[in-house]
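Reviewing the structure listed below.
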Amino acid sequence: MRLPSWIGQHLAALRVLLVMTVVLGLAYPLLITAVGQLPGLKHDLLAKNGRAVGSALIGQSFTDTDGQALPQYFQSRPSAAGDGYDPLSTSASNLGPEDIVDTLSTDEETASQSLLTQVCSRSLAVGELEGVDGSRPYCTSDGVGAVLGVWRADGATGRITQVVSLNQAAPARPFVSEYEGVEVEPAEPDTEYSGYVATPIRGDAPDHPAVPADAVTASASGLDPQISVAYADLQVARVARERGMDTAAVRKLIGEYTDGRTLGFIGEPGVDVLELNLALDEA
Amino acid sequence: MSATTAGVLFVVSLVVVLAAAYRPAGDHLYRVFTGTRHSRVERGVYRVIGVDPAAEQPWGIYARSVLAFSAISLLLLYAFLRLQGHLLLSLGFDDVPPELSWNTAVSFMTNTNWQAYSGESTLGHLVQMAGLAVQNFLSAAVGIAVCVALVRGFARSRTEHLGNFWVDLVRICFRVLLPVAVVAAIVFVAAGAAQNFSSGQEISTLTGGTQTIPGGPAASQEAIKLLGTNGGGFWNVNSAHPLSNPTGWTNWIQIFLILLIPVSLPRAFGRMVGSNKQGYAILAAMGTIAIASVALLNLSNGLALGTVPTAVGAATEGTETRFGVLQSATFGAATTLTSTGAVDSFHSSYTSFGGGLTMLNMMLGEIAPGGTGSGLYGMLVIAVITVFVAGLMVGRTPEYLGKKIGSREIKFASLYLLTTPALVLVGTAVAMATPGARDSMLSSGSHGFSEVLYAFTSASNNNGSAFAGLSANTGFYNTALGICMLLGRLLPIIFVLGLAGSLARQRPVPESAGTLKTYQPLFVGMLVGVVVIVVALTFLPALALGPIAEGLS
């Protein structure tokens with residue numbers, strides 16, 4: 001009996017798919033898994049006193065249960081993976097470059113910080129922890145985004161009618177008292193502002209802030225195992241002090257756990273935070 | 001060395017190595033497409049599937065074979081996802097819900113790899129490797145097969161025969177994709193990528209907290225995800241995950257794998273049509289657009305324009321330390337210039353113009369160099385349009401590679417070109433007009449619009465990357481984006497095969513003094529011009545509402 005051609009084609013399709021599933025879906029991954037067991041290709045977890053404490057490739061938080069930085073440890077980057085460095089919910093923040101206006105609310109569920117405010121507050125916190133200037137462009141001195149909502153008589157043009165510092169909740173004092181002759185008010189929480197032009201104010205912070213970029217931004221994976229060499233350097237003094245170590249000894253360890261660029265140009269140098277902290281604990 | 005110098009050398013080294021690979025890789029592809037001998041394994045496979053490898057197919061049968069294969073793939077993958085909870089290695093995850101299963105099955109069958117789920121909280125190992133990763137191979141092979149059929153249409157004359165889809169499919173899997181994937185996967189394993197069947201190992205961290213170190217057959221899936229320009233990550237954060245892409249140099253290899261097949265296909269094309277110069281011309285057009293795009297994206301993100309990047313001092317939000325801003329931008333350009341959609345950094349946190357460029361790359365139709373197969377067939381369709389436009393200018397019947405471009409050919413080419421813009425723009429409009437769909441946006445205003453526009457652009461062009469702020473795992477988006485992916489894949493394939501059939505039937509036109517020399521810089525320039533103008537006219541209004549408005553405000 002001859003099958004109609006359209007059935008024949010679907011049968012051929014089904015058979016191809018099954019054959020391919022066996023070869024490409026089972027044999028291939030199993031082969032790679034077997035090869036991965038060979039000595040030299042296997043990657044073991046890091047251990048302390050014989051107990052696994054993590055992977056050199058997966059970052060960790062070095063904070064106490066309240067989320068406060070433990071000063072004897074080098075700190076990792078901010079993380080958007082779950083509550084931080086959760087491999088079961090990897091994520092970036094996905095917030096955009098002009099995400100600059102907070103939702104202020106007395107209700108914690110509704111309130112949300114803009115990316116700009118997150119950057120500003122992290123910078124302030126890191127600055128305090130390390131004893132350096134935490135100021136950044138477009139940030140207020142109290143660590144939120146310096147953004148004014150400017151209302152004009154004719155929408156985008158005309159006389160200014162009202163100016164609100166959008167990220168500073170009353171009764172905070174606005175970071176500038178007046179804008180082009182109009183008094184600046186703090187924002188009222190739970191108020192839906194609309195019709196304004198969001199105007200970020202640069203301020204006089206240095207172009208190159210003391211707190212490095214990676215210390216104030218979340219990574220792509222939320223599991224970034226590394227920090228920049230600059231951020232590691234910034235933390236040396238504190239860690240050495242807390243541990244009663246010589247800063248030179250700490251710097252030497254940083255050098256040991258820094259990966260440079262392959263061939264001199266591939267990748268960016270970074271310091272593996274878990275490996276470094278583990279080495280400090282064992283030093 | 002400064003990060004800028006390193007970033008430039010990074011791009012230069014990729015260009016140099018790809019240029020060196022162009023001839024050997026392209027020649028290998030040529031032999032795969034035209035060889036007459038079958039290996040013993042292949043003959044065994046043909047016997048099992050009941051196909052006569054010597055039987056050639058006319059375009060209608062070739063197209064129906066593609067459609068039958070796509071339908072079966074879709075059904076089986078859907079069933080696989082729906083039944084996950086009852087299978088081995090499910091890691092305790094339940095069956096995937098119907099709408100998400102539909103979306104995911106379409107997504108992997110169409111080489112899109114849009115992911116409305118996150119791997120670590122939805123899928124078990126068996127579905128990942130025996131369901132999704134298999135489609136990573138097969139959907140890439142289908143794209144290449146369709147492309148080869150089109151090239152045969154140009155190369156052959158007075159015939160109905162375009163080759164045998166099943167033979168093309170099997171050969172591409174066994175002789176191209178699998179060998180390279182094996183080597184790449186072992187390299188990734190050596191670098192530290194995960195390749196095991198662990199269901200996660202809970203450890204106590206240095207500070208006494210708990211963390212689960214994830215596991216799974218990730219490296220094997222990574223390799224084909226990139227080589228096949230698929231892009232579906234094993235975990236939610238895709239190629240940013242340290243167990244997927246552990247080092248700066250694996251990042252380089254990932255970009256190389258993305259570009260390898262799309263870049264070397266023009267060589268195989270040139271050899272099949274009997275003129276290597278034709279291959280170089282297509283490569284030159286692809287290369288011009290690609291290098292311009294990579295340079296602009298590096299510049300946009302490197303300059304860190306915009307409020308948050310200025311406050312930070314660099315566009316580091318959503319990038320990994322080991323890749324840095326510039327080398328992440330190069331990955332971002334490569335993944336959107338092809339139909340890959342893997343990401344090693346998050347496009348929604350790029351500078352406004354940088355994010356806009358990734359979208360523009362996809363809107364170009366992913367032809368520079370484009371996805372595996374789909375890039376070259378897309379570019380050849382544009383070449384047909386270009387000779388048509390050139391023919392109109394000088395009042396001659398247009399011809400390309402010795403084939404007349406008549407009304408039938410132009411109809412197929414135009415239909416091809418109209419499909420994706422129609423899907424993108426209508427889809428975005430419907431989403432913006434639907435209140436429930438608007439609620440999925442993470443941001444408001446122009447960035448929120450960009451999220452939606454990006455989603456439909458990515459789905460309709462079978463890219464699969466995301467402005468991931470959008471909560472796309474909803475009934476509306478799973479269904480709508482699924483439809484866009486399906487139509488955005490299969491309609492162009494049918495038009496391409498129709499074009500191939502009508503070209504193959506023609507008798508060749510002898511070259512005359514008036515023939516447009518389609519291997520000269522003039523033609524390359526026109527080709528690039530047509531790509532840019534067609535795109536600019538179609539998408540500029542939508543782009544103006546999204547990234548351009550955001551970048552200028």
Side-chain angles (χ1 to χ4, degrees), chain A residues 9-10 12-17 19-21 24-26 28-29 32-33 35-36 41 43 52-55 57-58 60 62 87-88 90 92 94 96-98 100 115-116 119 136-139 200 208-209 213-214 216-217 219-221 223-226 228 261-262 264-268 270 277, chain B residues 6 9-10 45 48-51 65 68-69 72 120 129-130 134 137 185-186 189-190 192 195 203 205-207 212-214 217 220 235-237 240-243 246 248-249 252 306-314 316-322 324 345-346 348 351-352 443 447 468-469 550:
Chain A
Q9 273 159 1
H10 284 79
L14 183 62
R15 290 182 187 141
V16 174
L17 188 58
V19 169
M20 291 302 184
T21 301
L24 306 172
L26 297 174
Y28 159 66
I32 303 298
T33 310
V35 173
L41 291 180
H43 292 259
V53 291
S55 159
L57 288 172
I58 306 280
Q60 295 184 359
F62 297 93
L88 300 181
T90 61
N94 287 308
E98 301 302 325
I100 58 176
L115 178 58
L116 181 60
V119 165
R136 297 194 104 76
Y138 298 116
C139 290
H208 300 286
D214 60 314
V216 297
T217 47
S219 61
S221 60
L223 303 177
D224 196 338
Q226 295 180 316
S228 68
R261 297 191 180 101
T262 307
F265 65 92
I266 295 176
E268 282 296 309
N277 283 333
Chain B
L9 284 175
F10 186 80
V45 171
V48 171
I49 64 178
V51 162
S65 302
F69 187 64
I72 294 288
E120 59 263 35
M129 71 176 193
V134 171
F137 279 98
I186 292 173
V189 169
Q195 181 71 26
I203 50 105
T205 65
L206 208 52
T207 58
T212 304
I213 305 296
S220 55
W235 290 292
N236 189 39
V237 290
H241 201 293
L243 293 178
W249 61 266
W252 189 98
T307 310
V308 174
T310 307
V312 173
T316 48
E317 180 71 26
T319 63
E320 296 281 294
T321 305
R322 62 194 179 283
S345 55
F346 280 78
S348 47
T351 60
S352 301
S443 314
H447 197 78
E550 188 187 29

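A note on names: the letters A, B, ... follow the listed sequences, proteins ahead of strands, and every chain is numbered from 1.
Proximity to chain A (any heavy atom under 4.5 Å) is shown, for B:S352, by both the backbone and the side chain. Both the backbone and the side chain of A:V16 come within less than 4.5 Å of a heavy atom in chain B. Looking at B:H241, the atoms closer than 4.5 Å to chain A (heavy atoms on both sides) sit in the backbone and in the side chain alike. Neither the backbone nor the side chain of A:H208 comes within less than 4.5 Å of any heavy atom in chain B. Contacts of A:P200 with chain B are made by side-chain atoms alone, with heavy-atom separations under 4.5 Å and no backbone atom involved. Contact of A:T90 with chain B is made through backbone and side chain together, with heavy-atom distances under 4.5 Å. Contact annotation for B:V312: both backbone and side-chain heavy atoms come within less than 4.5 Å of a heavy atom of chain A.
With rounding to the nearest 0.5 Å, the separation of CD1 in A:I32 from CD in B:Q195 is 6.5 Å. If you take CG on B:L206 and CG on A:N277, they are separated by 6.0 Å, rounding to the nearest 0.5 Å. Rounded to the nearest 0.5 Å, atoms CD1 (B:I72) and CG (A:L14) are 5.5 Å apart. Interatomic distance, CH2 of B:W235 versus CG of A:L88, reported as 11.0 Å (0.5 Å rounding). The line from CG of A:L223 to CG of B:L243 is 8.0 Å long, rounded to the nearest 0.5 Å. Rounding to the nearest 0.5 Å gives a distance of 8.5 Å between OG of A:S55 and CD1 of B:I203.
A search for side-chain hydrogen bond (donor to acceptor under 3.5 Å, both in side chains) contacts involving B:W252 returns B:S13, not counting sequence neighbours. Contacts of B:T321 classified as side-chain hydrogen bond (donor to acceptor under 3.5 Å, both in side chains), with partners at least two apart in sequence or in another chain: A:R77, A:D224.
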Exercise for review: Evaluate the side-chain hydrogen bond (donor to acceptor under 3.5 Å, both in side chains) criterion for residues A:N94 and B:S348: first the C-alpha distance (whole Å), next the side-chain angles of each, then the deciding distance (0.1 Å), finally the verdict.
Suggested key: CA-CA 5 Å; A:N94 287 308; B:S348 47; 3.0 Å; yes
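Looking only at side-chain heavy atoms (C-beta outward), A:E98 and B:S443 stay at 4.5 Å or farther from each other. Side-chain contact between A:P97 and B:E317: absent, with no pair of heavy atoms (C-beta onward) separated by less than 4.5 Å.
Most heavy-atom pairs under 4.5 Å with chain B, from the set A:P209, A:G36, A:G270, A:A12: that is A:A12. Note on A:V216, A:V119, A:I58: by heavy-atom pairs under 4.5 Å with chain B, the leading option is A:I58. Per-residue heavy-atom pair counts under 4.5 Å with chain B were compared for A:A92, A:A213, A:G264, and the maximum is reached by A:A213. In terms of heavy-atom pairs under 4.5 Å with chain B, the best-connected choice from A:D214, A:L24, A:V19 is A:L24. Contact tally against chain A (heavy-atom pairs below 4.5 Å) for B:G248, B:A68, B:P246: the top residue is B:A68. Among B:G313, B:G306, B:P242, B:P217, the residue with the largest count of heavy-atom pairs under 4.5 Å with chain A is B:P242. Heavy-atom pairs under 4.5 Å with chain B peak, among A:L26, A:V35, A:L115, at A:L115. Chosen from B:V134, B:T316, B:T212, B:V45, the residue pairing most often with chain A at heavy-atom distances under 4.5 Å is B:T316. Interface summary for chain A: among B:P214, B:G318, B:A240, the most heavy-atom pairs under 4.5 angstrom belong to B:G318.
At a cut-off of 3.5 Å, with distance as the only test, a side-chain donor of B:E320 or A:S221 sits close to an acceptor on the other residue.
Here the side chain of A:Y138 pairs no donor or acceptor atom with the backbone of B:T310 at under 3.5 angstrom.
Nearest heavy-atom pair across A:P225 and B:R322 is CD-NH1, 3.9 Å. Between A:G96 and B:V308, the shortest heavy-atom distance links the atoms O-CG2, 4.3 Å.
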